[in-house]
Amino acid sequence: MTKPIRTRIAPSPTGDPHVGTAYVALFNYALARKHGGRFILRIEDTDRQRSHPASETMIFDALRWLGLDWDEGPDVGGPVGPYRQSERSSIYREHAEDLVRRGAAYPCFCAPERLEALRVEQRAKKLALGYDGRCRALSTTEAAQRRSAGEPHVIRLSMPKDESMVVHDLLRGDVRFERPQMDDQVLLKSDGFPTYHLANVVDDHLMEITHVIRAEEWLSSLPKHVQLYRSFGWDEPIFCHLPLLRNADRSKISKRKNPVSLNHYRRAGYLPEALVNFLALMGWAMPDEREEFTLRELVERFDLKRVSLGGPVFDIEKLTWLNGKYLRRMAPEEILARLRRQLLSDDYLLRVLPLCRERIDTLEAFFDYAGFFFAGEVPYDAKALSGMIPKERTPSETARILKSLIEQKIDPLLEWDAGAVESALRDFSESSGWSAKELFMTVRVAVTGRAATPPLFDTLDVLGKEICRRRLRRAIETLRTMDEGK
RNA sequence: GACCCUGUGGUGCAGAGGCCUAGCACAUCACCCUUUCAAGGUGGAGAUCGAGGGUUCGAAUCCCUCCAGGGUCGCCA
């Protein structure tokens with residue numbers, strides 16, 4: 001018997017849960033389940049500035065929603081934990097020191113400013129970018145002295161010199177990298193935290209990961225990882241790089257061109273099994289070309305080698321068609337249950353009702369008044385359109401302001417509640433040159449389609465980030481098609 | 001710019017030298033069904049398999065060159 005297969009998904013909790021994470025998780029999950037192995041969730045939160053606990057929770061929720069449950073992870077524990085990298089700092093530090101002792105890594109005292117200047121120079125001379133290895137030439141005694149004197153430094157990996165390096169990818173076979181490409185990567189930052197490269201390799205080894213299945217964007221750093229395994233004297237796992245999901249223009253999928261948050265798909269009413277099915281179709285196919293299948297069936301027939309490498313365009317139209325197929329063959333009772341679970345929970349209704357109670361006279365009036373709380377996108381009639389654009393402002397100006405509102409304030413906001421939304425909007429009002437009055441009415445109409453609504457921040461809070469973002473974008477599109485100077 | 005990956009209709013895939021006068025699905029068009037709209041059914045249009053060279057009796061499938069797209073070049077992951 002060979003070793004049991006162990007795979008992992010290793011997201012970093014720096015934003016909304018991403019479709020790409022689900023995509024890669026799915027293939028890792030499928031391989032592990034197919035072979036009776038284990039699927040592990042590890043949180044890569046070594047970037048202290050950007051990591052956020054709210055993001056971590058959303059990742060858990062989203063993956064569970066999709067049915068991609070893990071056997072070991074920060075919340076369920078396991079034999080080789082902890083599964084959160086921020087709780088493993090000492091492990092990485094010890095391993096980095098070990099490498100330094102072996103002469104496979106070295107302390108580097110170059111300041112960020114010097115590195116920046118170096119990059120500028122290299123760019124100007126059209127040279128390959130990368131660390132020039134200055135501190136590698138330091139004697140061990142000098143390096144040790146400067147370290148004990150408390151001089152700030154990082155630890156860098158010594159990459160082999162004057163050679164090309166051949167690494168292996170399950171799907172691509174041998175891949176040869178030329179030396180100039182491979183500079184001495186930082187392993188340990190000056191704050192004592194590891195970089196992705198170190199933490200990832202150390203953890204994959206310690207957690208006995210057998211197959212590293214990750215996105216293609218990592219392929220370029222594979223030589224560094226392989227070098228790390230060699231420096232430690234460890235066996236390498238099997239590496240497999242999945243193609244990147246793409247926008248319609250074939251660039252790497254991004255939130256400016258596509259909804260990428262799993263929360264969006266959940267709120268928009270896509271069924272988890274349909275999303276999973278669709279994701280599996282991105283770069284993979286059943287041997288018999290069947291396109292509709294369950295996660296279970298995927299697992300039964302799964303074969304990593306059947307992944308195709310062209311970057312698949314994430315075609316929402318086809319996803320929507322698939323989702324419709326699933327919905328149409330569901331019993332009404334089941335649809336009702338899904339509706340309740342996903343979009344129309346008592347919990348949600350009980351958040352909407354307090355906002356509407358004082359504004360309705362009959363039960364029936366609720367449906368007329370509160371429709372926008374349940375809709376996807378809202379229509380803008382002529383009145384709404386004029387209400388959306390403040391006096392003295394133009395449609396294109398309004399569109400621009402909404403765009404920067406999304407980018408500067410909405411997207412980075414991970415904890416979405418009335419208070420946070422309010423301060424974000426007030427903040428934006430100050431920096432944008434739009435008065436609170438102008439901004440708030442514009443946002444109100446853009447998000448609800450109406451000039452009369454419950455208090456704005458409560459409304460945005462209850463609607464949730466995904467819907468607000470989506471309707472704001474829709475408003476931008478609408479404004480852009482209007483003529484100037486209205 | 002350097003390095004790496006990829007390249008089958010607009011999109012997602014099948015195809016692993018002859019079964020391909022290139023198949024399926026989405027989208028699109030037409031028709032049928034239907035009080036309507038969907039859904040469903042039927043059919044159509046759409047690809048000289050990125051291009052050019054080879055290898056071979058024979059290439060979408062093997063080799064080379066070029067081109068195009070993408071990714072990476074961070075004390076971010």
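Each chain gets a letter, A, B and so on, in the order the sequences are listed, and its residues count up from 1.
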Indicate, with a heavy-atom threshold strictly under 4.0 Å, whether A:R50 touches base, sugar-phosphate, or nothing.
-> base
Taking OP1 and OP2 of B:rA77, is either one under 4.0 Å from a side-chain nitrogen or oxygen of A:T195?
-> no
When we call it a touch if two heavy atoms are under 4.0 Å apart, what does A:R246 touch: a base, just sugar-phosphate, or nothing?
-> sugar-phosphate
Taking the side chain of A:F177 as heavy atoms from C-beta outward, which of B:rC3, B:rG12, B:rA27 is closest to it?
-> B:rC3
B:rU28 and B:rG46, which share atom name C1', separated by this distance in whole Å = 9 Å
Hey, can you tell me if A:H241 and A:F239 have their rings parallel, tilted or perpendicular (30° and 60° cut-offs)?
-> parallel
When you compare B:rC24 with B:rA14, how far apart are their P atoms, in angstrom units rounded to a whole number?
-> 15 Å
So among A:R84, A:R64, A:R42, which one has a salt bridge (Lys or Arg N to Asp or Glu O under 4.0 Å) with A:D75?
-> A:R64
Length of the CG-C1' vector between A:L322 and B:rA25, whole Å | 9 Å
Separation between the C1' atoms of B:rU21 and B:rU48, rounded to whole Å | 13 Å
Does the side chain of A:K189 get closer than 4.0 angstrom to OP1 or OP2 of B:rG74 through an N or O atom?
-> no
According to a strict under-4.0 Å criterion, is A:R250 in side-chain N/O contact with OP1 or OP2 of B:rU11?
-> yes
Check: A:F193 main-chain N/O paired with A:D191 side-chain donor or acceptor under 3.5 Å | yes
Winner on side-chain proximity to A:E216, out of B:rG12, B:rC5, B:rG70, is B:rC5
Rounded distance in Å between the C1' positions of B:rA68 and B:rG52 | 14 Å
Go through the N and O atoms of the side chain of A:E289 and the base of B:rG23, and report whether any donor-acceptor pair is under 3.5 Å.
-> yes
Find the distance A:F293:CZ to B:rC24:C1' and express it as a whole number of Å.
-> 14 Å
Select base, sugar-phosphate, or nothing to describe what A:E317 touches, counting heavy atoms under 4.0 Å on all strands.
-> sugar-phosphate
In terms of ring plane angle, is the pair A:F109 and A:H153 parallel, tilted or perpendicular, where the classes change at 30° and 60°?
-> tilted
Same-atom distance (C1') from B:rU55 to B:rA22, integer angstrom | 23 Å
Winner on side-chain proximity to A:S251, out of B:rG71, B:rC76, B:rC5, is B:rG71
Would you indicate what A:V154 reaches in the nucleic acid, counting non-hydrogen atoms under 4.0 angstrom: base, sugar-phosphate, or nothing?
-> base
Just compare B:rA77, B:rU6, B:rC4 and give me whichever is closest to any side-chain atom of A:L309.
-> B:rU6
A:W234 and A:F232 aromatic ring geometry - parallel, tilted or perpendicular at 30°/60° bounds = parallel
Examine B:rG15: is either OP1 or OP2 under 4.0 Å from a nitrogen or oxygen in the side chain of A:R306? Give yes or no.
-> yes
Compare the minimum distances between each of B:rG40, B:rG12, B:rG70 and the side chain of A:R328, then state the nucleotide with the smallest one.
-> B:rG40
Could you work out the separation of B:rC4 and B:rC49 based on their C1' atoms and round it to a whole Å?
-> 25 Å
Describe the nucleic acid contact of A:Y196 in one word from base, sugar-phosphate, nothing, applying a heavy-atom distance below 4.0 Å.
-> base
Contact class for A:E291 vs. all strands (heavy atom < 4.0 Å): base, sugar-phosphate, or nothing?
-> base
Look at all strands and tell whether A:S190 reaches a base, only sugar-phosphate, or nothing, counting heavy atoms closer than 4.0 Å.
-> base
May I ask you to say what A:P13 touches in the nucleic acid, namely base, sugar-phosphate or nothing, with a heavy-atom cut-off under 4.0 Å?
-> nothing
Nearest to the side chain of A:L129 - B:rG74, B:rU11, B:rU72?
-> B:rG74
Parallel under 30°, tilted from 30 to 60°, perpendicular over 60°: which one fits the rings of A:Y196 and A:H225?
-> tilted
Just compare B:rA77, B:rU6, B:rU72 and give me whichever is closest to any side-chain atom of A:W218.
-> B:rA77
Sugar-phosphate only, base, or nothing, as touched by A:S220 at under 4.0 Å among non-hydrogen atoms = base
P spacing across the pair B:rA51 / B:rU8, given as an integer number of angstrom | 10 Å
Look at the rings of A:F293 and A:W284 and say which category their plane angle falls in: under 30° parallel, 30 to 60° tilted, over 60° perpendicular.
-> perpendicular
Has A:R266 got its NZ or CZ under 6.0 Å from the middle of the six-membered ring of A:Y270, at an angle within 45 degrees of the ring axis?
-> no
Touch class at under 4.0 angstrom, heavy-atom based, for A:T320 against every strand present = nothing
What integer distance in Å separates A:K257:NZ from B:rG70:C1'?
-> 12 Å
Quick one: label A:R176 by what it contacts on the DNA or RNA (base, sugar-phosphate, nothing), any heavy atom closer than 4.0 Å.
-> sugar-phosphate
When we call it a touch if two heavy atoms are under 4.0 Å apart, what does A:K325 touch: a base, just sugar-phosphate, or nothing?
-> sugar-phosphate
Could you check A:D411, A:D16, A:N263 and say which one makes a side chain to side chain donor-acceptor pair (under 3.5 Å) with A:K465?
-> A:D16
Would you indicate what A:P112 reaches in the nucleic acid, counting non-hydrogen atoms under 4.0 angstrom: base, sugar-phosphate, or nothing?
-> base
Using a heavy-atom cut-off of under 4.0 Å over every strand shown, decide if A:G283 touches base, sugar-phosphate, or nothing.
-> sugar-phosphate
Using the P atoms only, state how far B:rC31 lies from B:rG69, rounded to an integer number of Å.
-> 40 Å
Atom CG of A:D183 and atom C1' of B:rA2: how far apart are they, to the nearest Å?
-> 12 Å
Measure the distance from CG on A:D288 to P on B:rG15 and round it to the nearest whole Å.
-> 11 Å
With no angle test and no hydrogens, is the base of B:rA27 tied to the side chain of A:K318 by a donor-acceptor pair under 3.5 Å?
-> no
Regarding the side chain of A:R156, the nearest nucleotide among B:rC5, B:rA77, B:rC75 is B:rC75
